[in-house]
Novice: 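Mind looking over this structure? Questions follow.
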Amino acid sequence: MAEIIVQNLVLGMVATNTYFLMNPETKEMLLADPADEAEAIERKVSAMGGKPTAVLLTHGHYDHMLAADAVRQKYGIQVYVHELDEPVLEDAALNLSGFWSRPYTMKADCLVKEGDVLRLAGFEIRVMHTPGHTQGSACYYFPEQKILLSGDTLFCESYGRTDFPTSSAGDMQKSVRRLLTELPEDTAVYPGHQCSTSIDMEKRFNPLA
């Protein structure tokens with residue numbers, strides 16, 4: 001089993017978690033939800049000695065991707081997002097940048113879907129389509145390491161907002177319950193905002209459990 005190092009920076013105007021997931025043997029690194037401040041992300045990569053190989057977006061909202069294009073160009077890597085959030089990335093109204101900051105859009109390189117298995121940086125990563133916050137919200141599950149990047153689907157004792165374009169409260173409830181049912185209780189959960197948690201904790205304290 002490949003070991004993994006997980007660190008984060010809290011970036012941008014709504015305190016979004018940007019994650020750095022590194023294989024300590026090869027130094028290959030995944031960047032998840034590069035929220036903003038590309039220079040800060042680059043400094044963190046250098047401090048960790050990482051070699052970025054891909055960008056994983058949990059969804060298309062502006063506060064999770066404002067630095068994605070910059071780091072893609074810096075490291076010559078590809079950006080992954082769920083296929084249903086491609087239009088969210090490409091529309092400033094849908095990705096909310098038109099309301100909260102300057103209008104911003106971008107294109108992804110690789111579109112993923114439910115059940116896809118990615119092999120990046122020496123890790124196996126399963127794509128779980130978890131609509132609710134957006135129509136194409138996705139979680140990335142690392143089964144060997146028992147790690148979940150939950151984006152704005154599952155938070156510590158909470159869950160993402162469902163009052164945005166393409167959101168659905170009904171889908172959110174189904175997605176959260178799916179995660180809590182299908183994943184091992186000792187899975188570490190790294191959400192898009194606030195502190196990390198675990199499936200066991202959320203089974204006991206999440207309001208949608």
Side-chain angles (χ1 to χ4, degrees), residues 2 4-6 8-9 11-12 16-23 26-36 38 41-42 44-45 48 50-92 94-97 104-145 147-154 160 165-166 171 175 178-179 190-192:
I4 191 168
I5 295 171
V6 182
N8 79 305
L9 289 176
L11 301 171
T16 302
N17 286 319
T18 293
Y19 291 104
F20 304 76
L21 302 102
M22 189 171 76
N23 183 324
T26 66
K27 304 300 183 183
E28 291 179 300
M29 175 183 282
L30 303 174
L31 304 176
D33 289 347
D36 205 349
I41 293 172
E42 292 166 16
K44 181 70 169 179
V45 169
M48 294 178 67
K51 303 173 184 176
T53 60
V55 172
L56 302 178
L57 299 181
T58 58
H59 62 292
H61 281 162
Y62 81 100
D63 60 307
H64 291 252
M65 58 74 161
L66 281 179
D69 188 51
V71 298
R72 165 170 58 187
Q73 294 186 44
K74 168 73 174 179
Y75 300 109
I77 57 180
Q78 294 185 315
V79 174
Y80 291 71
V81 76
H82 191 278
E83 59 186 3
L84 292 181
D85 256 24
E86 181 180 32
V88 177
L89 281 179
E90 298 177 3
D91 187 318
L94 295 182
N95 69 39
L96 307 180
S97 64
Y104 183 84
T105 62
M106 66 168 291
K107 290 183 176 292
D109 302 292
C110 302
L111 302 179
V112 299
K113 61 183 183 303
E114 166 67 32
D116 282 354
V117 177
L118 310 177
R119 290 180 173 83
L120 300 168
F123 305 121
E124 176 185 307
I125 308 158
R126 299 179 186 173
V127 177
M128 302 179 72
H129 180 213
T130 51
H133 187 63
T134 64
Q135 62 190 2
S137 287
C139 296
Y140 297 96
Y141 177 53
F142 296 65
E144 292 185 350
Q145 294 79 17
I147 282 174
L148 181 75
L149 299 177
S150 64
D152 286 5
T153 298
L154 182 61
T166 84
D171 285 346
S175 291
R178 178 194 176 193
L179 295 174
Y190 294 95

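Just so we're clear, the structure is a prediction, and the values are computed from it rather than from any experiment. Here, residue 1 is the first one in the sequence, and each next residue gets the next number.
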Novice: May I ask you to decide if V88's main-chain N or O and D85's side chain share a donor-acceptor pair within less than 3.5 Å?
Specialist: no
Novice: Please determine whether a side-chain nitrogen of the Lys or Arg among E42 and K44 lies less than 4.0 Å from a carboxylate oxygen of the Asp or Glu.
Specialist: no
Novice: Flag the pair C139 / S150 as yes when at least one side-chain heavy-atom distance between them is below 4.5 Å, and no otherwise.
Specialist: yes
Novice: If I compare all heavy atoms of P165 with all of L94, which pair ends up nearest, and what's the gap?
Specialist: CB-CD2, 3.6 Å
Novice: Just verifying a value: how many Å separate F142 CZ and L30 CG, rounded to the nearest 0.5 Å?
Specialist: 5.5 Å
Novice: I'd like to know whether the aromatic ring centres of H59 and H133 sit less than 6.0 Å apart in this structure.
Specialist: yes
Novice: Using side-chain heavy atoms (C-beta onward) and a distance below 4.5 Å, is C110 in contact with L118?
Specialist: no
Novice: Should Y140 and L148 count as side-chain neighbours, where that means a heavy-atom distance under 4.5 Å?
Specialist: no
Novice: Hey, does M48 have a side-chain heavy atom less than 4.5 Å from the side chain of K27?
Specialist: no
Novice: Using the side chain to side chain contact (heavy atoms under 4.5 Å, CB included) rule, take I4 and F123 through it: C-alpha gap first, then chi angles, then the decisive distance, then the call.
Specialist: CA-CA 9 Å; I4 191 168; F123 305 121; 3.7 Å; yes
Novice: Quick one: list whatever passes side-chain hydrogen bond (donor to acceptor under 3.5 Å, both in side chains) with Q135, sequence neighbours left out.
Specialist: none
Novice: Contact between L149 and Y141 at the side-chain level, heavy atoms closer than 4.5 Å - yes or no?
Specialist: no
Novice: If you take all heavy atoms of L89 and A108, which pair is closest and at what distance?
Specialist: CD1-CB, 3.9 Å
Novice: To the nearest 0.5 Å, how far apart are OG1 in T18 and CG in L11?
Specialist: 4.5 Å
Novice: Does Y104 offer a backbone N or O that forms a donor-acceptor pair with the side chain of N95 under 3.5 Å?
Specialist: yes
Novice: What's the shortest heavy-atom distance between G122 and A2, and which atoms?
Specialist: O-CB, 3.7 Å
Novice: Between N23 (side chain only) and A121 (backbone N and O only), is there a donor and an acceptor less than 3.5 Å apart?
Specialist: yes
Novice: I'd like to know if the side chain of D33 and the backbone of A35 have a donor-acceptor N/O pair within less than 3.5 Å.
Specialist: no
Novice: Do T16 and D63 get their side chains close enough for a donor-acceptor pair, meaning under 3.5 Å?
Specialist: yes
Novice: For E90, which residues count as a side chain to side chain contact (heavy atoms under 4.5 Å, CB included) partner, sequence neighbours excluded?
Specialist: E86, K107
Novice: Roughly how far apart are D36 CG and L66 CG, rounded to 0.5 Å?
Specialist: 5.0 Å
Novice: With sequence neighbours excluded, what pairs up with K51 under the side-chain hydrogen bond (donor to acceptor under 3.5 Å, both in side chains) test?
Specialist: none
Novice: Is the shortest heavy-atom distance from the side chain of V71 to the side chain of P52 under 4.5 Å?
Specialist: no
Novice: How long is the straight-line distance from CG of L9 back to CG of L31, given to the nearest 0.5 Å?
Specialist: 10.0 Å
Novice: Hey, can you tell me if H129 and H82 have their rings parallel, tilted or perpendicular (30° and 60° cut-offs)?
Specialist: parallel
Novice: Say whether H64 and D152, considering side chains only, have a donor N or O and an acceptor N or O under 3.5 Å apart.
Specialist: yes
Novice: Got a second to check how far D116's CG is from L111's CG, nearest 0.5 Å?
Specialist: 10.0 Å
Novice: For the pair V127 and V117, evaluate side chain to side chain contact (heavy atoms under 4.5 Å, CB included) and give the outcome as yes or no after the intermediate values.
Specialist: CA-CA 6 Å; V127 177; V117 177; over 6 Å; no
Novice: Rounded to the nearest 0.5 Å, how far does CG of L21 lie from CD1 of I125?
Specialist: 8.0 Å
Novice: Aromatic contact between Y19 and Y190, with the criterion being ring centroids under 6.0 Å apart: yes or no?
Specialist: yes
Novice: Closest heavy-atom contact between G50 and M29?
Specialist: CA-CE, 3.8 Å
Novice: Taking the side chain as every heavy atom from C-beta outward, state whether L120 and L56 have any pair of such atoms under 4.5 Å apart.
Specialist: yes
Novice: Does L179 form a side chain to side chain contact (heavy atoms under 4.5 Å, CB included) with T153? I'd like the steps, not just the answer.
Specialist: CA-CA 10 Å; L179 295 174; T153 298; 4.0 Å; yes
Novice: Charged N to carboxylate O under 4.0 angstrom, E144 versus R119?
Specialist: no
Novice: Donor-acceptor check, side chain of S175 to backbone of G132, threshold 3.5 angstrom: yes or no?
Specialist: no
Novice: Closest heavy-atom contact between A68 and V55?
Specialist: CB-CG1, 4.5 Å
Novice: I'd like to check L57 versus P34 (side-chain heavy atoms, cut-off strictly below 4.5 Å). Are they in contact?
Specialist: yes
Novice: Carefully, step by step, assess V112 and E83 under the rule side chain to side chain contact (heavy atoms under 4.5 Å, CB included).
Specialist: CA-CA 6 Å; V112 299; E83 59 186 3; over 6 Å; no
